[in-house]
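Notes for the one structure printed next.
What's counted below: heavy atoms across the whole structure, side chains too, no hydrogens, waters or symmetry copies. Order of the sequence lines fixes the chain letters, A, B, ..., with proteins taken first and strands second; residue numbering starts at 1 for each chain.
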Amino acid sequence: MHLRSLSLMNLRNHDQTDVEFSPVLNIIEGANGAGKTTILEGIAICGLSKSFLPTTETLMIRKTADFYRASAAALTDLGVPYKIAVQYAAGSRKMIGSSIGENLSPKEIIGEMPLIILSPDFKEITFGSPDHRRRFIDMMLSQASKRYAEESLNLKRILKQRNNILSQAKQHGTVNEDILEVWTGSFIETSAEIAHRRLHFISEFAPYFLEAYRQVTSVDERVEIRYEPDSLPPEITAVSPSIADLEAAYLAVAKRRKTEELRRGVTVFGAQKDDMYIGINGGNAREYASQGQHKSLLIALKAAEFEYLRNAKNEMPIMLFDDIFSELDKMRTERVFRNILNSGAQTFITTTESESLRRSLPGGIDVAFFRVTSGIAERIS
Amino acid sequence: MLHTSESIETVVELFSSLPSIGRKTAQRLTYYLLKQPAETVDKFSSALLTMKKNIRFCSTCYNFTEKNPCPICSSEKRSRKVICVVEEPSDVLAIEKTNDFYGKYHVLHGAMNPLEGIGPNDLKIRELIMRITDEVDEVILALDPNVEGEVTTQYLSKLLKPLGVRVTRIARGVPIGSDLEFADEATLSRAIEGRISL
């Protein structure tokens, strides 16, 4: 897949931006706050229905306007045109239309234009709390499978409803057992479905990750990655369990911790608490990895995500790199850069200064440069 | 700031309070009505009043009706052995359009939704249980295919099964008459899961 053009209206400081891209490499330069990242956010809105940054939708609308709009025209690897437009006005539902149809829900477009995004915010994946790793897995699997996207939305909804019942129970000191039981049943069913898919996913993902890490670093380091589902005993998850096995395990947990849940008024187990263990040289990367190793791990995760999604979708993902070269040293930069160019994926890079990037470019490559100043983007030669 | 008269504004406000009608559509409807002869507007207002006055719940199935019991419940042609349970009166209409269901209905008027404070007692569930006599062979659960509909289905199934009645649910699958490749992937994935042997 590659993007041919992008239009932004009232998105952050962009009033009206229309740009056409190179199918290979696009370098977007500009000062801090000029609106470089907004171009990547616009692409993310077209691919994922929302920005990759933690942000409030209404804050993304330009100050004097009452809606934003992002639209893109792309071509699949087989040369089929794909168009998508997302519009959001404060207080109303997001309007999404694409080549699939009009009035779409977010889950209907997620994955149609697969994206790999690397931004400084994603550092948290390797040393932050588990929710950053879950979001990493969810973003990838939602793009790979619409069923996963739907199940993960269902889990959020069921969890909200079940927590409401539990908090009412805590408040009033009583609970309708029959009602709690059906919501618990539904919660367990969906949790098991998601845990099952994540377990299967990690077994496919791990080899890509190990290979990617080996390529990023030159030294011989031992890395590992595995799924750590909340409250499921290792003897169950170790032997590729069926959905029924997982349901039975969750059911046992639900029984054991019922009193605790009623006392605390909240769900204390389930797939919404899962984690992914990343190990380096025998220790937990969160605690043991050096600054440099964290960077290498993150790049390896993203490179593996690229391989995984490309195989799952049978379509080349689009790469978005937000200001990563300021975070990486020269050696890693060059290695990463070479790998990206070799992959053949369309790539977008934002940077505050493009001079060093320019110098490391191989000759004959189809590259487009853009300069962004106060929300105005122009292509430069 | 009022650009028009107060009475026009009131009508616009009223229209835009209706589901799926925004302010612009409300304005268009208002100005359209304003241009019509008085008799037309009169027809509208009296039709609305008559509807509100004459329509009540059927005391058996809780669908909207003018006569109690409703035409479906009182029909001799329809089987008393099968009851199809739906969330809303509009769902009855949808199934009636198929012309393929010959049983009776039961309208719950919603689904269980703790966040909105809707529990089993707020739905016509007790009334459904009262209808399960020896005469009834099967209860078909045809609730919305979302989280709340799913949980309500499970809850009803638990209540109904001990009464010795056959409890079924409608199938989840791909739409007929189009190509498989155009079915949405999540639905197709469930259809494969719910496959049946031949």
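Residue B:Asn54 qualifies as enclosed at atom CG: its count of foreign heavy atoms under 6.0 Å is above 12. Around NZ of A:Lys94, the count of heavy atoms belonging to other residues, nucleotides or ligands within 6.0 Å exceeds 12. The number of heavy-atom neighbours closer than 6.0 Å to CZ of B:Arg23, taken from other residues, nucleotides and ligands shown, is above 12. Within a 6.0 Å sphere centred on NZ of A:Lys83, other residues, nucleotides and ligands contribute 12 heavy atoms or fewer. The 12-atom threshold is not exceeded at CE of A:Met95, counting heavy atoms of other residues, nucleotides or ligands nearer than 6.0 Å.
A:Arg197 and B:Ser189 get closest at one heavy-atom pair: NH2-OG, 4.0 Å. Looking at every heavy atom in both residues, A:Asn164 comes nearest to B:Pro114 through OD1-O, 3.2 Å.
Taking CG from A:Asn163 and CG from B:Leu115, the interatomic distance works out to 9.0 Å, rounded to the nearest 0.5 Å. B:Lys158 NZ to A:Asp178 CG: the interatomic distance, rounded to the nearest 0.5 Å, is 7.5 Å. Separating the CG atom in B:Asp184 from the CD atom in A:Glu108 is a distance of 6.5 Å, to the nearest 0.5 Å. The distance from the CZ atom of B:Arg190 to the CD atom of A:Glu150 is 4.5 Å, given to the nearest 0.5 Å.
At a 4.5 Å heavy-atom cutoff, the contact between A:Gln161 and chain B is made by backbone and side-chain atoms alike. At a 4.5 Å heavy-atom cutoff, the contact between B:Asn113 and chain A is made by backbone and side-chain atoms alike. If you measure heavy-atom distances from A:Glu151 to chain B, the contacts under 4.5 Å come from the side chain alone.
Using a 4.0 Å cut-off between charged side-chain N and carboxylate O, A:Arg157 and B:Glu150 make no salt bridge.
The side-chain heavy atoms of B:Val151 and A:Phe187, taken from C-beta on, include no pair separated by under 4.5 Å. Proximity of B:Gln154 to A:Glu181: side-chain heavy atoms (C-beta onward) are nowhere separated by under 4.5 Å.
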- Task: Starting from the C-alpha separation in whole Å, work towards a yes-or-no answer on side-chain contact (heavy atoms from CB on, under 4.5 Å) for B:Met112 and A:Val182.
- Result: CA-CA 10 Å; B:Met112 284 161 63; A:Val182 281; 4.0 Å; yes
